[in-house]
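This report concerns only the one structure given below.
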Amino acid sequence: MTETLAIRPADAPRDSAALIADMGARARAAAVRLAGAPTADKAKALVEAAKAIRTRAAAILAANAEDVARAQANGLTAAMIDRLTLDPARLEGVAAGLEAVAALPDPVGQRIDETRRPNGLLLQRVRVPLGVIGIIYESRPNVTADAGALSLMSGNACILRGGSEATASNRAIHAALLDGIRAAGLPEDAIQLVPTTDRAAVGAMLAAQGLIDIIVPRGGKSLVARVQDEARVPVLAHLDGIVHLYIDRAADPAKAVPLAVNAKMRRTGVCGATETLLIDRAYGDPATIVGALVEAGCEVRGDAGARAIDDRVLPAADSDWDCEYLDSILSVAIVDGVEGAMAHIARHSSHHTDAIVTEDQPTADRFLAGVDSAIVMHNASTQFADGGEFGLGAEIGISTGRLHARGPVALEGLTTYKWLVRGEGQLRP
């Protein structure tokens, strides 16, 4: 068995439930050690892992080329292949992301608040790790590094189950993470990669109460839906990235056109890519925006108003307004002002990211306050919906729920808190 597999002999093929039980027990033991690990040791592990990524770059890229070739042969979509593909620049971004996480403030032990009761009791809330995190993901091998780094730095152990399409890439990156962990003297079981692509392993993770504290799914709608339906442990997830960009009547055309193109076309396969463009009926030059998108290679589908702007716009079906294309396809609707835009978003948004382009501050404020999404933007591309761009180093995912964490989930989102109560012998009357 080669080093890059990073699989113990004990992990040879066996019952998935037994496999996950063993991995979970080892992760639980590692989590106990990580919870009290010094910040310097955790940071060293990630810095050394970044060095290993660079040292192993040729091997990682070769492994990724195998995955990409297999994905192409299996007919994966262009968006899926884009998510899967690594090149030297993207791999350097993975290494730099590890270093960025290492440089972030350690959330473990941070004091959230403190109060002294009239009876003299001192109450403090401090951040503590969640414990063991299970991450189930598809396509993107960079998630192996991001999820491992964020889990480690926040004092959590993690069990990673990547998609079959990225098996070789994930194993190669995981081997580099283990190099860093060993160099820092931390437990290797802190970051484990499930050694099988058997879907039964996913079911075993979802049922691993007492071993896994939270599940984070990152992938397509069918994966996330399965996780939410079957999980017996808490889930931190979003189903879709149905992202809207609204061009207000007071938008500056010099901003509106490049923002619309960038928000859709920079990378169409990311969850922050705009999927529906809303244009105020009173906006002066919608044709330039639509034309720029078409010229950039985007298929535009629209309502009657949008089709009247440019005869290259195809008719939109009702399902288009609820579709996460993850491709060079965009739906366009003409709406009546900011209230019309907000009404459309309320009907169709997945509460991920929505944005407004306008020079009218009261209108922007109305939009920012009234749109119920995890991320709401003004005069910025929706492609900024990313933990790294938010200064979080990386993200383990973007949560669209309301409990625990919302938006890009990074170090702070991977902690909970406990109460510390300090007394001097007080008795409750």
Side-chain angles (χ1 to χ4, degrees), residues 79 241-318 320-350 352-364 366-368 370-371 373 375-385:
I242 302 175
V243 174
H244 298 81
L245 181 70
Y246 165 58
I247 308 298
D248 183 59
R249 66 189 65 188
D252 179 354
K255 295 177 183 176
V257 176
L259 279 175
V261 174
N262 182 267
K264 176 69 241 186
M265 298 299 290
R266 173 189 164 270
R267 286 189 69 183
T268 60
V270 298
C271 62
T274 291
E275 305 291 19
T276 296
L277 178 68
L278 305 174
I279 303 177
D280 190 341
R281 197 178 305 278
Y283 178 71
D285 188 16
T288 299
I289 297 176
V290 173
L293 285 160
V294 173
E295 293 301 320
C298 184
E299 176 183 309
V300 179
R301 304 173 183 177
D303 62 7
R307 295 199 306 277
I309 293 170
D310 191 313
D311 59 13
R312 294 171 293 181
V313 177
L314 304 175
D318 289 344
D320 281 305
W321 312 115
D322 300 297
C323 186
E324 183 182 26
Y325 300 110
L326 299 175
D327 202 349
S328 299
I329 305 171
L330 180 72
S331 55
V332 179
I334 307 303
V335 296
D336 293 315
V338 68
E339 296 300 329
M342 291 170 59
H344 181 104
I345 291 169
R347 288 192 301 272
H348 302 286
S349 176
S350 59
H352 186 293
T353 300
D354 297 294
I356 181 173
V357 181
T358 187
E359 297 304 304
D360 184 83
Q361 193 59 50
T363 299
R366 175 76 184 96
F367 187 91
L368 294 173
V371 172
S373 293
I375 304 170
V376 189
M377 299 180 171
H378 174 208
N379 285 351
S381 170
T382 60
Q383 299 256 345
F384 282 109

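Being a predicted model, the structure only gives us computed values, none of them experimental.
Taking Asp252 as the reference, nothing meets the side-chain hydrogen bond (donor to acceptor under 3.5 Å, both in side chains) condition, with sequence neighbours excluded. Partners of Ala273 according to the side-chain contact (heavy atoms from CB on, under 4.5 Å) rule, which considers only residues two or more places apart in sequence or in another chain, are Val270, Gln383. Residues satisfying the salt bridge (Lys or Arg N to Asp or Glu O under 4.0 Å) criterion with Arg266, sequence neighbours excluded, are absent altogether. Residues that satisfy the side-chain hydrogen bond (donor to acceptor under 3.5 Å, both in side chains) test with Thr268, not counting sequence neighbours, are absent from this structure. The side-chain hydrogen bond (donor to acceptor under 3.5 Å, both in side chains) check on Ser381 picks up Asn262, with sequence neighbours excluded. Here Asp280 pairs with Arg249 under the salt bridge (Lys or Arg N to Asp or Glu O under 4.0 Å) rule; sequence neighbours left out. Qualifying side-chain contact (heavy atoms from CB on, under 4.5 Å) partners for Val261, counting only residues two or more places apart in sequence or in other chains: Met265, Ala292, Leu293, Ala296. Here Asp320 pairs with Arg301 under the salt bridge (Lys or Arg N to Asp or Glu O under 4.0 Å) rule; sequence neighbours left out. Legend: residues meeting side-chain contact (heavy atoms from CB on, under 4.5 Å) with Ala287, ordered by chain and number and at least two apart, are Asp285, Ile309. Every residue two or more places apart in sequence or in another chain was checked for a salt bridge (Lys or Arg N to Asp or Glu O under 4.0 Å) with Asp303, and none qualifies. Remark: Thr274 pairs with Thr382 by the side-chain hydrogen bond (donor to acceptor under 3.5 Å, both in side chains) rule, at least two apart or across chains.
When side chains are defined from C-beta on, Arg307 counts as touching Pro315, because their heavy atoms get closer than 4.5 Å. The shortest side-chain heavy-atom distance between Ile289 and Tyr283 falls under the 4.5 Å cut-off. You'll find the side chain of Leu330 stays beyond 4.5 Å of the side chain of Tyr325, heavy atoms only. Between Arg312 and Glu295 the shortest side-chain heavy-atom distance falls below 4.5 Å.
Contact record, Ala263 with Leu245: CB-CD2, 4.2 Å, taken as the closest heavy-atom pair. A pairwise comparison of heavy atoms in Val243 and Gly272 identifies CG1-O, 4.0 Å as the closest pair. The nearest pair of heavy atoms linking Pro258 to Pro253 is CD-O, 4.1 Å. Ala256 approaches Val357 most closely through the heavy-atom pair CA-CG1, 4.1 Å. Between Val313 and Ala306, the shortest heavy-atom distance links the atoms CG2-O, 3.8 Å.
To the nearest 0.5 Å, atom OG1 of residue Thr353 and atom NE2 of residue His244 are 11.5 Å apart. If you take SG on Cys323 and CD1 on Ile242, they are separated by 7.5 Å, rounding to the nearest 0.5 Å. Interatomic distance, CD of Glu275 versus NE2 of His352, reported as 10.0 Å (0.5 Å rounding). If you take CG on Asp322 and OG1 on Thr276, they are separated by 8.0 Å, rounding to the nearest 0.5 Å. Between His378 atom NE2 and Tyr246 atom OH the span is 11.0 Å, to the nearest 0.5 Å. In this structure, CD1 in Ile247 is found 12.0 Å from NZ in Lys255, a value given to the nearest 0.5 Å.
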Inset, instruction - For side chain to side chain donor-acceptor pair (under 3.5 Å), just list the numbers for Asp354 and Ser349, CA-CA rounded to whole Å, side-chain angles, deciding distance to a tenth of an Å, and then say yes or no. - result: CA-CA 8 Å; Asp354 297 294; Ser349 176; 3.1 Å; yes

Inset, instruction - Run the numbers on Glu359 and Asn379 for side-chain contact (heavy atoms from CB on, under 4.5 Å), then give the verdict. - result: CA-CA 8 Å; Glu359 297 304 304; Asn379 285 351; 3.3 Å; yes

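Without hydrogens or angle criteria, Glu324 side chain to Gly241 main chain gives a donor-acceptor distance under 3.5 Å. In this structure, the side chain of Asp327 does not engage the main chain of Ile329 through any donor-acceptor pair within 3.5 Å.
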Under 3.5 Å, side-chain donor or acceptor atoms of residues 332-347 against the rest of the protein: list the pairs with distances, not counting sequence neighbours.
residue: Asp336; atom: OD1; partner: Arg281; partner atom: NE; Å: 2.7
residue: Glu339; atom: OE2; partner: Arg366; partner atom: NE; Å: 3.0

